Amino acid sequence: MPLRKIFIRAALLFWATGIAVAGAQNPATVFVVKKSIVSFHSNTKLELIKASSTQLRGVIDAQKRIFAFSVAMKTFEGFNSPLQKEHFNENYMESDKFPAASFSGHIIEEDDFTKDGIYSIRAKGKFIIHGVEQERILQGDLVVKNGVIKLTCLFTVFLSEYDIKIPRIVHEKLASEINVIVSADFAAK
Amino acid sequence: MNIRRLYKILIFILLPGINAIAQYPFSKKIDVEEENLTLKANVLLKDHNGFLWIGTSEGIFKYNSVIPEKIFIPGGQKVYITALFEDAEGTIWAGCKTGQLIAIKKYTVTYFNPPEKLPEVPITAIYSDVKKRLWLASAGQGIYCYDSSRLLNITTADGLGDDNINCLYSPDGKRIIAGTDRGLSFINFDGGKKSIHFFSSKNGLPDNIVRCIQGAKQKNTVWVGMQAKGIALFNIQTEQIVDTVTIPKWKYSQVNDILELKNETIIATEQDGIICYNKPGNNFTCKILRDTIFPKRIADLQTDNEGNIWAASENKLVSFTGDYLRYWFVVKNVPLTKVHAILAGDENNLWFTPDLRLYESAIENHESENLRSYDITPPKNRIDITSLYKDKFGFLWIGTMGEGLFRMNTLTGKCRRINEDPIAYYGNILSIAGKDEQVWISTLNGVARFNLNENNYDLAEKISFINYNKKDGLGSDYIYHILIDSKNRVWFATDGAGVTVFDHDLFINFYTRKLFPSKVTYSLTEDKNHHIWISTYNDGLFEYDEKKFIQYGIKNGLTDLAITSIAADDYNNIIAVNKKGIDVFNPVKNIVQHYGSESGFEELQPNLNSITKDADGNIWIGTDNGIVRFVTQPLFTMFTPVAVIESVNLFNSPVNTDTENSFTYDQNNFSFRFAAAFYKAPEKIRFQYFLEGYSKKWETTGDRTINFPQLHPRKYIMKIRASVNDNFDASPVSSYAFTIHKSFWTTWWFRLLVLFAALAVISLYVKQRVSSIRKKEYAAREKFQLQYDALKNQVNPHFLFNSFNALMNIVDDNPKEASRLIKHLSQFYRKMTAFSQKELITLGEELELLHSYLYIQEKRYGDALQVSIAIEPSLKKASFIPPLVLQLLAENAVKHNTISKFRPLHINIFSQGDSIIMQNNINIKLEKEESEGVGLQNIKNRYKVLTEKEVEQEATTEMFTVKLPIIYSN
């Protein structure tokens, strides 16, 4: 084959590959949850109820600044009794119907999380608990070091907003606002 | 204990914990209600008539100043309103949470349905630009632009910062600036080409989420309200944050709306109520509105036409006075109670005396460290200060109740009690006034005039003085107020002797001179025209124009005659303070604008003569519960609400006033509903209406509807106008012209038509009568004519002559024949006379007569005359004929034809069908006998009267035929 033809074909090949590569997600900007703790507590005069889960699943795309998180309700442990956990899943969360709580949306700040640093960001998105969707803006802190993003986020969930009814019998034991702490480590995919 | 006192106490208890409380507006709240529903007020709009619209979670309310009323939406379903906008044509656009868009025009409410789909997410803002394009901001689907036929969608793909748009703003009607979740997006859309760029945190925007954009007073700038970082000033020309404004750190919640006023910028927040940004002090203060317990979430702000600000908060509208009216009830933990004296100094500062102490503060910024208190009488330092004055040396004169007079060096704070004058030393000093070297003080024992000399820059130096009292011409010893006017005359407001003036060393008391009618006067002031104003105990206000005293009272609009202090503002209004509030009186326009309970004034209890005006022309008033600042403007008292005709109803159905104004006579029951926007005191609005064509004069009503039943058909114009101070002359008029047409039977043309018709009928009737009479007359005449003719025939000499001739020829030869002839002749004449009277005779009788006639003629003519008669015998009795007709016809035949042997005359008479025909051959006679010629015509005429059938004649060269219709017995 004449040289020119080879050269052209090679160039085309390279070009096509380049597109393919560029078209695929640049793995360096997508971070996935590697380690996590999601804990909540309800603090009333009569009782303190706590539980946590280490099974938070989540992904952040630092370039597009979008994220998605979800945690299965049945992975929460640490209640004051197994019965409490049962009530949690069957009566309040109705985990068979609504297995997971999720939060997805985009990050408002335009900082570059691929670079090391400490960032205070807001995440605006749709929070779904118990099948009910609410738009929320959550503030969180990101500490980025050596390609690992550590996220810390504290927020409050109002049970009434998610149609979670507290029977009168227990309403002094269960707070209407639940404090949640999310702590997660992300690393590149 | 009433609720208000409770609130006051609560606030006092909470005082120490509250940081930096500042000035308060007066406020009131309006509930936006729907039965048993809790609704949220989200967005406010003011339309071109000044009416407020409220978009809520349960629909749209129109607040036309009585109570908010819900607008009916087609389909009746609930709508959650998230945006409101009024375009140039007056259409109100309402955006919903579902993405739907409702257009509210004057008479119709419809859903807007473009061919392309509307967003499915909430519409957060609406704008209409100069090209009449409708812009819609959506929460998640970018911006939509409707260009009369197409709905375009602009998203991040087109260069928009984010698809979640929170607000829209346009500085010029052409360029659109959108506040998004990723900064500000600038959209230029010209001739189909879009050019979009955005400004986000990467460019220096403190926070990417821009919640609202509002115009700022500084040129080319806008206020940007953000989610977490408060407010920022942005220059839209350079597209940069204005960093000369070093706004302090924001520690409050999300900004929902911003409103910039003269002295401050109001910020509506999501969880902290109203935050006030004070520009001169460069700080934020949390404005807690006293009347509503700490409303946390303020969704939207809107000004009305009266300078007040409305805040949408949950299910209420809270209105508070704009910049023009503010009050302080505490300054830096010093409660402002019993402020008996107040004085604006010349260093932009204010002296005031709350709670028996003396303080001084910078006017613009009460929060700073500039609050100073002064010790007058240590150690207690509590004295009731009633009057303040700063003399030409800068020393402050302090008059007290019971502890005399003090002079203070404000720089050092050193104070000397004036003891030169015993009256001043022991007295109650009610008023201090001065000019240059003079300082006048008033007590309950007369007045004293102090004369300063150059030594008095030393505080310790005694001052020379003169005392004056009643005996000197003062009129009374009780002097409430002293005023030195621009002509250096000294005026005294006295108790018991009206007003006195000291001019050129003479006291002139107007009361004793009967020039001034009121005994007890409280306050004095001078206006820009150098007229002196006096307020009295119960006689209102007086104006002295150098010639006489003009009185003003309730009839001029003043709300209360018990006026505690007066001042003239910089615009020639007189501010009169009473326990109900503030009256702003404009004597030229003769109207009063009142600020009272509706503005929240009632608890204040202003103090006597505790009023001062600062260098900017602002009026400061000291009251028992705080200090009030009142800012007037030139057109202040001009405000009159604009009346509009809200709806017109015919019987009970609405009328479209744009298209319908022509009605029939039975559409005559009209109802009018009117409204005017005056939110300060809607119960004060009075309307006047004048129905041109019905009313004789303008009628005043407090109602908002008026009904006119049974209006007469004519042209009408309904005019209305509104006022809040009983002065309607300056009010603009709204009108609606319509016409009720007459029923057709009352119109002139109809009546005329009827008249003509009647005349026509009458004349027709008359004609008919006349014609029938004429016919009868004619018939009668004809009969007479015939009789006459017959009579003539009777004496036809020719016939007689010929008859006698014939007789003569035969009398000698044939006497028998002769006698027969004579017999026939006599029979003929007998019958003729007998029959000629009758109208009709039987055919038989006529034939007999004819027979007689013919006998005679035959005798004369012999064979030359041949007559044959062939009539059916039955007809002879059954049919009728006018008398002498056949005889006449026979006679005519004889007359007109030659009869000779060679050419005989044949006459045939026979019946044929309905007629009797008489025929004869024609032998034209050369010489004609005299004849009238009317015989045949006469016969014809006679028949005409008797029957419809006509007599027919036919003449050929050979034959002459006459056809007579048979007349049967009627």
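It should be emphasised that the depicted structure is a prediction, and the values quoted were computed from it without experimental measurement.
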Decide side-chain contact (heavy atoms from CB on, under 4.5 Å) for B:I209 and A:R122; before the verdict, give the C-alpha distance in whole Å, the side-chain angles of both, and the deciding distance to 0.1 Å. CA-CA 10 Å; B:I209 300 186; A:R122 281 167 300 170; 4.0 Å; yes
I need the B:K202 NZ to A:D111 CG distance, nearest 0.5 Å.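 Here the interatomic distance stands at 9.0 Å.
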Approximate separation, where rounding is to 0.5 Å, of A:H106 NE2 and B:N164 CG: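 Rounded to the nearest 0.5 Å, the NE2-CG separation comes to 6.5 Å.
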Is the [atom1] atom of [X] crowded by more than 12 outside heavy atoms at less than 6.0 Å?
X: B:R175; atom1: CZ; result: yes
X: A:I169; atom1: CD1; result: no
X: A:K150; atom1: NZ; result: no
X: A:L154; atom1: CG; result: yes
X: A:L48; atom1: CG; result: yes

Could you check B:D207, B:D163, B:D181 and say which one makes a salt bridge (Lys or Arg N to Asp or Glu O under 4.0 Å) with A:K124? B:D181
side-chain contact (heavy atoms from CB on, under 4.5 Å) for B:R182 and A:R65? Distances and angles first, verdict last. CA-CA 11 Å; B:R182 195 179 175 190; A:R65 290 160 41 244; 3.4 Å; yes
When you check the side-chain N and O atoms of A:E110 and B:N208, is any donor under 3.5 Å from an acceptor? yes
